[in-house]
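Note that the coordinates shown come from a computational prediction; the quantities given were computed from them, not determined experimentally. FYI, side chains are in, hydrogens and waters are out, and symmetry mates aren't considered; it's all heavy atoms of this structure.
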Amino acid sequence: GTAFVVQWDKVYLQGKEDAGSFTFQAALHSSGRIVFGYEEIPVPVLQISASQHPVKAGLSDAFMVLNPSPDVPESRRRTIYEYHRVELDTSRISSRSAVEFTPLPTCLQHQSCEMCVTSELTFNCSWCHVLQRYR
């Protein structure tokens, strides 16, 4: 009830099956923490070829747009637009390691405008006329 975990078991690199399989997981905690756990990393991530698909590790904010494909009218082409990224140093990803992301405090943790404005956190809160509240 406090975490959602996705695990990838025995994932092989295409054409490199003899190198061994990868097992890793991502855990999203209700507190906002995100933990990537790497159980088995048989090949250094820096050595994985990016020729077929980009090799990335970390977090990113993005949105997806579905556009009609010009070649096949009934299908759609998916385009992902990334606008913020936190990248991990892939040289540090190894078997039996983990990386934890801890969220920074936000105004959303405050229960009232007064709490936000008088907060020790330096958010530089101000009145938002559109929302009729401090932001």
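- For T79, the side-chain contact (heavy atoms from CB on, under 4.5 Å) partners at least two apart in sequence or on another chain are N67, R77, Y81.
- S31 is linked by a side-chain contact (heavy atoms from CB on, under 4.5 Å) to H29, R33, counting only residues two or more places apart in sequence or in another chain.
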Donor-acceptor pairs under 3.5 Å, side chain of residues 34-43 to any protein atom, not counting sequence neighbours: which ones?
none

Taking distance alone, no hydrogens or angles, what donor-acceptor pairs closer than 3.5 Å link side-chain atoms of residues 47-61 to residues at least two apart or in another chain?
unit_1, atom_1, unit_2, atom_2, d
S49, OG, S51, N, 3.2
S49, OG, S51, OG, 2.9
K56, NZ, E82, OE1, 3.4
S60, OG, E82, OE2, 3.0

Using distance only, find each side-chain donor-acceptor pair of residues 10-22 under 3.5 Å and give its atom names and separation, not counting sequence neighbours.
unit_1, atom_1, unit_2, atom_2, d
E17, OE1, G15, N, 3.3
E17, OE2, G15, N, 3.2

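- Of all the heavy atoms in F63 and V65, the pair that sits closest is CE1-CG2, 3.8 Å.
- Separating the CZ atom in F101 from the CG atom in L28 is a distance of 12.0 Å, to the nearest 0.5 Å.
- The hydrophobic cluster containing L88 also contains V6, counting ILVMFWY residues as joined when their side-chain heavy atoms lie under 4.5 angstrom apart, directly or transitively.
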